[in-house]
Trainee: 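This is the structure I have questions about; it appears just below.
All values reported here derive from a predicted model rather than from experimental measurement.
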Amino acid sequence: MSDPTRQSQTGRTAGRVREIDPAAIAKHFDSAEAEKRWDEAWQQSGVYRWDPIRPRAETYVVDTPPPTASGSLHVGHVFSYTQADVMVRYKRMRGMNIFYPMGWDDNGLPTERRVQNYYHVRCDPDQPYEPGLVLEEASAKVRKQPARLISRPNFIEACYTLIDEDEDYFRALWRRLGLSVDWTQEYQTIDDHCRRTAQRSFRDLFEKGVVYTSEAPTMWDVDFQCAVAQAEVEDKPMPGAYHRIEFAVEGGDGSFVIATTRPELLGACVGVTAHPDDERYRAYFGKRAITPLFRVPVPIFPSELADPEKGTGVLMVCTFGDATDVLWWRDQGLALRQLIGRSGRLVDVDFGSPAYGSLDPVAANRAYAELAGKNVKQAQQRIVELLRDPAASATGRGAPLVAEPEAIEHPVKFYEKGDRPLEYLPTRQWFARLLDRKQQLLAKGAEVQWHPPFMHARYRDWTENLSLDWCLSRQRYFGVPIPVWYPLGPDQRPDFAKAIVAATDSMPVDPTVDVPPGYAAAQRGQPGGFVGDSDVFDTWFTSSLTPQISSHWGEDPDRHARLFPADVRPQGHDIIRTWAFYTIAKALLHEDEVPWRHTMISGWILDPDRKKMSKSKGNVMTPLPLLEEYTADAGRYWAASARLGSDTAFDEQVWKIGKRLVTKLFNAGKFVLSQPGEAHPISDELDRSFVAELASLTAVCTSSYEQYDYAHALQQTESFFWTHFTDTYLELSKPRARWFADGAIGDAAVASGSAVATLRLGLSVLLRLFAPVLPYITEEIWSWAFAAELAHASIHAAPWPGASDFAHVPAPDDTGSFALAVSAHAAINKAKADAAVSMGREVERLVLVANPATLARLVPVLDDVLRAARCQSHATAADPSLEDGMFTVRDAVFVAKSEA
RNA sequence: GGGCGUGUAGCUCAGCUGGUUAGAGCAUCUCGUUUACACCGAGAGGGUCCGCGGUUCGAAUCCGUGCACGCCCACCA
């Protein structure tokens, strides 16, 4: 189909060209009608269908980003998905067999949240399943009441219902936008196939010893009650305060004051540290401090990580205030005094127990009773009051709080979707070992070609600075279950070291429902029986497998070989550290491969004030009204005008320009294809020099696209189309093109045929250069004549323009001829503008001035210039002072309007 | 604190490996209806290419440096 040797050539076709009847074509382009019609035609003809038979080398595989359909739809989606589609369309026209799937990322929190809000429900795993439960969108009245509690299976059903609706909406947008997706290759990250792929991935990593489970302090969101990975954490500046609290040194020899922003963790204090060189505290190293209020002795140790400049230079180590606390706790083998529970409230503890070892358990427990059950904020408030009481002192020298809290602003870690600061809680989680593979991760990242290249730095920086293994498990409901069971001992305690991973052929499994091999269902939860892991995977665990999901890794080796690694991953720069990183990690861990050879990184759409668009700011633009007003092609034009990787302020003006271009193409197409003519070879100097310009434009566009620089190709094509084609060549060749209709014979017929053939070649090439960006209008015009004439039913399956389009056109005698004609034409235009006459006004006579060499070179195209200007007679004058290629006009006399 | 990017006309942006007088579109102004297009055409005005220093016959472009803006990462006592 795309074999260039089978391509017929405009201008070579024998006999009359197939012209259209301009009257049969609407005055204006009805974009809405055309978009609907062509979308249907494309789906029917299957132009975007992947051919599973063609070899890998001819295949271009796209690892499409699966959108979160439950998220809000805005112009940013149009932006980045169009940029990818433009590249895909180019590759398709280059003859590549395109694999371009669409997935939906339904897993996880965004969907759960949307279901909770939409139906005003909460998932409660203890509720019984209600078969056939039908939920409705919650009314304002219902929303005022407490959310309805529904069972986990009901909740998951509700998720499925809603994502189906959301996906329909997205699908409609993608179709409207003209994304050349192969809709037979669709997946949902929650469907059986994806769950199987994710669980298979886990099993493979388990067998390779890459994943492990451990109970360790993990970042924890107290609202979602869920573990969080390093990649999902962001810092927010928060107001806080230094609280200066006096500790005693055991044995009565001294005291010191620590500064802390988290006084509520005083009861969780397990140590005290200062810099080894800090003279103020050197004497205390090796001794024990006594905490005020709770009177617990804790070791005092030196640490390089303590900053003498910060606070008072000495600080309390708690389980756990921050990441450094976790480090110290591990390195020093400190006690574990976990005060903060999973819900973010302080749990009950006994300060008299050996784990706490208070010297005055009664007083400690009395104080702590004031805090237990409170959340962090409330506890902080209360403990500050308690610390103002001199009786709480560990030194007996007055209130432990030695100064009023000093307000500061400091960065605090949040889950990116969370509302309250993260806590570190010791919980059992599954992890993937990444820290010991940094070098390989960096090497794979360097193997990928990043577009633009500087985006590679983000990947590199993130990988180099990685400090935690990947926490894979999440305490959520709507996700892919971790396919693991644990044997229960006689005491009903799970043996985590003997995890039973589901067999590949049983996947997908839900361990909370399915039974592990060798056990009976009745043994669930029984002594000597088993228990299923109730957690699900981090959503990235599944979405990092999109290349393998598409290639049917582990299921269809032939397909996998044809589709993996993919050729290109389009995505946003905000998810380099997550999606790109984890995808590279997975490909490395499973097969020691890169997941794709190229990645194209789109920028963001900012609002006109250069602020990021977000739902909460209320500055989100929805795309459909824009597409209605300006056409889908115009929206694509806007998206394709922006270079990869650069954030772009939304500018409706660009949509307007896009629409103007569409209209112009429509009109130019109508004109060119309505010229009748004998299809003579392209012979005239003007025509040949125009074709030479066209060929060089084509070469520029091709090389730009090869570098993923679609924006440059578009800009060049647009500028050529407007200035060289419509403003100039069309005008210059128009008189000759019309000769045929006037019954020209002999040389005139040849000259006329040359013009018509050139117009058609120009249009055909320009349409194809525009086709990746403007699929609708180009297809529309293509269908008028070229589809039959050039034997490619769809422009999107037509070959990308190249040497074979120009091979039959002889080179011009002077490659500068066209530029000279443009320049001379412009000089006459200026004379008309200066005289305030219309461009169509006939010229009785004029004098064309240029330097002698330029005048001589102009001769072969002079007639075309003069005819286009409606010039009855002329003279030339030499002015050696003028630069090469420059013209001016003198003594122009115009035919009076009434006569004309 | 580390890294990346950006800075060109009133606005949005092109200007590749250095090469005459720096470009486009929009906006402004003037003129013009011409059988593809008034959803149009022709023309004009408008710039210390962020500052400073350097390399060079020649710098928007290369080097150094400073400034401004944006982003990523680190910084949580």
Trainee: Heavy atoms from C-beta onward define the side chain here; which of B:rA36, B:rC13, B:rC26 lies closest to that of A:Gln653?
Mentor: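 Nearest listed nucleotide: B:rC26.
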Trainee: Let me know the distance between CD of A:Glu234 and C1' of B:rA74, rounded to the nearest Å.
Mentor: 15 Å
Trainee: Salt-bridge test for A:Arg244 and A:Glu406: reply yes if a basic N is under 4.0 Å from a carboxylate O, no otherwise.
Mentor: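 Between A:Glu406 and A:Arg244 there is a salt bridge, with a charged N closer than 4.0 Å to a carboxylate O.
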Trainee: Consider the side chain of A:Ala826, meaning its heavy atoms from C-beta on, and name the nucleotide among B:rG41, B:rG43, B:rU21 that approaches it most closely.
Mentor: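 For A:Ala826, the side-chain atoms sit closest to B:rG43.
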Trainee: Taking the minimum atom-to-atom distance to the side chain of A:Thr663, which one of B:rC39, B:rA44, B:rA38 wins?
Mentor: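 That would be B:rC39.
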Trainee: Counting side-chain heavy atoms from C-beta on, which of B:rC75, B:rC73, B:rC40 comes nearest to A:Lys310?
Mentor: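 Looking only at side-chain atoms, A:Lys310 lies closest to B:rC75.
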Trainee: From CG of A:Asp834 over to C1' of B:rA42, roughly how many Å is that when rounded to an integer?
Mentor: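 My rounded result for the distance is 10 Å.
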Trainee: Of the candidate nucleotides B:rC40, B:rC37, B:rG3, which contains the atom at the shortest distance from the side chain of A:Lys27?
Mentor: B:rC37
Trainee: Given 3.5 Å as the limit, does a donor-acceptor pair link the side chain of A:Ser752 with the main chain of A:Phe740, or not?
Mentor: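 Judged by distance alone, yes, a pair lies under 3.5 Å.
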Trainee: Base, sugar-phosphate, or nothing for A:Ile576, non-hydrogen atoms under 4.0 angstrom?
Mentor: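 Contact class for A:Ile576: none.
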Trainee: In terms of side-chain heavy atoms of A:Arg738, which of B:rC75, B:rG25, B:rA36 is nearest?
Mentor: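 Among the listed nucleotides, the one closest to the side chain of A:Arg738 is B:rA36.
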Trainee: Within a strict 4.5 Å, meaning less than it, do heavy atoms of the A:Ile300 and A:Phe256 side chains meet?
Mentor: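 Counting from C-beta outward, A:Ile300 and A:Phe256 do come under 4.5 Å.
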Trainee: Cut-off 3.5 Å, side chains only: do A:Asp727 and A:His825 have a donor facing an acceptor?
Mentor: no
Trainee: For B:rC63 versus B:rU55, give the span between their P atoms, rounded off to a whole number of Å.
Mentor: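 To the nearest whole Å, 16 Å.
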Trainee: Can you tell me the base-pairing partner of B:rC37? Count Watson-Crick or G-U wobble geometry only, both distances below 3.5 Å, and say none if there is no partner.
Mentor: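 Check on B:rC37: unpaired, no WC or wobble geometry under 3.5 Å.
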Trainee: Do A:Lys734 and A:Phe671 form a cation-pi contact, if we require the NZ or CZ to be under 6.0 Å from the six-membered ring centre and within 45 degrees of the ring's axis?
Mentor: yes
Trainee: For B:rG53 versus B:rG45, give the span between their P atoms, rounded off to a whole number of Å.
Mentor: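 It comes out at 31 Å once rounded to the nearest Å.
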Trainee: Which is true for A:Arg577 with a 4.0 Å heavy-atom rule: it touches a base, it touches only sugar-phosphate, or it touches nothing?
Mentor: sugar-phosphate
Trainee: Among the candidates B:rC73, B:rC4, B:rG41, find the nucleotide nearest to the side-chain atoms of A:Phe454.
Mentor: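 My answer, after comparing the listed nucleotides, is B:rC4.
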Trainee: Looking for any heavy atom pair under 4.0 Å, which part of the strands does A:Asp727 touch: base, sugar-phosphate only, or nothing?
Mentor: sugar-phosphate
Trainee: Students often get this wrong, so: under 4.0 angstrom with heavy atoms, is A:Ala668 touching a base, only sugar-phosphate, or nothing?
Mentor: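 If one applies the 4.0 Å heavy-atom cut-off, A:Ala668 turns out to touch a base.
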Trainee: Using a cut-off of strictly less than 4.0 Å, decide whether A:Lys734 has a side-chain nitrogen or oxygen near OP1 or OP2 of B:rA36.
Mentor: yes
Trainee: Among B:rU12, B:rG43, B:rG15, which nucleotide sits nearest the side chain of A:Asn829?
Mentor: B:rG43
Trainee: Would you mind telling me which of B:rC39, B:rG41, B:rG43 lies closest to the side-chain atoms of A:Lys664?
Mentor: B:rG41
Trainee: Taking only the C1' atom of each, what is the distance from B:rC50 to B:rC67 in whole angstrom?
Mentor: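 B:rC50 and B:rC67 have their C1' atoms separated by 8 Å.
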Trainee: Counting the atoms with a prime plus P, OP1 and OP2 as sugar-phosphate, which does A:Glu731 contact under 4.0 Å by heavy atoms, base, sugar-phosphate, or nothing?
Mentor: base
Trainee: Base, sugar-phosphate alone, or nothing: which one does A:Asp307 contact when heavy atoms must sit under 4.0 Å apart?
Mentor: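 Since a base atom lies under 4.0 Å of A:Asp307, the category is base.
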Trainee: Of all the choices, B:rA42, B:rA36, B:rU12, which nucleotide is nearest to the side chain of A:Ala833 once you look at every atom?
Mentor: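 Shortest atom-to-atom distance from the side chain points to B:rA42.
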Trainee: Which whole number of Å gives the distance between the P atom of B:rU28 and that of B:rG70?
Mentor: 31 Å
Trainee: May I ask you to say what A:Ala306 touches in the nucleic acid, namely base, sugar-phosphate or nothing, with a heavy-atom cut-off under 4.0 Å?
Mentor: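 Base contact.
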Trainee: When all nucleic acid strands are considered with a 4.0 Å heavy-atom cut-off, which category describes A:Thr726: base, sugar-phosphate, or nothing?
Mentor: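 Here A:Thr726 touches the bases of the nucleic acid.
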Trainee: Have a look at A:Arg643 and say if it touches a base, only the backbone sugar-phosphate, or nothing, with a 4.0 Å heavy-atom cut-off.
Mentor: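 The answer is sugar-phosphate, as A:Arg643 gets under 4.0 Å only of primed atoms, P, OP1 or OP2.
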Trainee: With heavy atoms under 4.0 Å as the rule, sort A:Glu883 into base, sugar-phosphate or nothing.
Mentor: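 Counting heavy atoms under 4.0 Å across all strands, the contact made by A:Glu883 includes a base.
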Trainee: Write down the distance separating the P atoms in B:rG64 and B:rG46, rounded off to the nearest Å.
Mentor: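 Rounded to whole Å, the distance is 36 Å.
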Trainee: Taking only the side-chain nitrogens and oxygens of A:Trp638, find out if one of them lies under 4.0 Å from OP1 or OP2 of B:rC26.
Mentor: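 Negative; the distance criterion is not met.
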Trainee: What is the nucleic acid contact for A:Tyr242, judged by heavy atoms within less than 4.0 Å: base, sugar-phosphate only, or nothing?
Mentor: sugar-phosphate
Trainee: Does the pair A:Tyr630 and A:Tyr637 meet the rule for a side-chain contact (heavy atoms from CB on, under 4.5 Å), with working shown?
Mentor: CA-CA 10 Å; A:Tyr630 296 107; A:Tyr637 170 87; over 6 Å; no
Trainee: When the P atoms of B:rU48 and B:rG5 are compared, how many Å lie between them, rounded to an integer?
Mentor: 28 Å
Trainee: With a non-hydrogen cut-off below 4.0 angstrom, is A:His28 in contact with a base, only sugar-phosphate, or nothing?
Mentor: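 Base contact - A:His28 has a heavy atom under 4.0 Å of at least one base atom.
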Trainee: A:Ile781 CD1 to B:rA36 P: how many Å, rounded?
Mentor: 16 Å
Trainee: Is the shortest side-chain N to carboxylate O distance from A:Glu718 to A:Arg660 below 4.0 Å?
Mentor: no
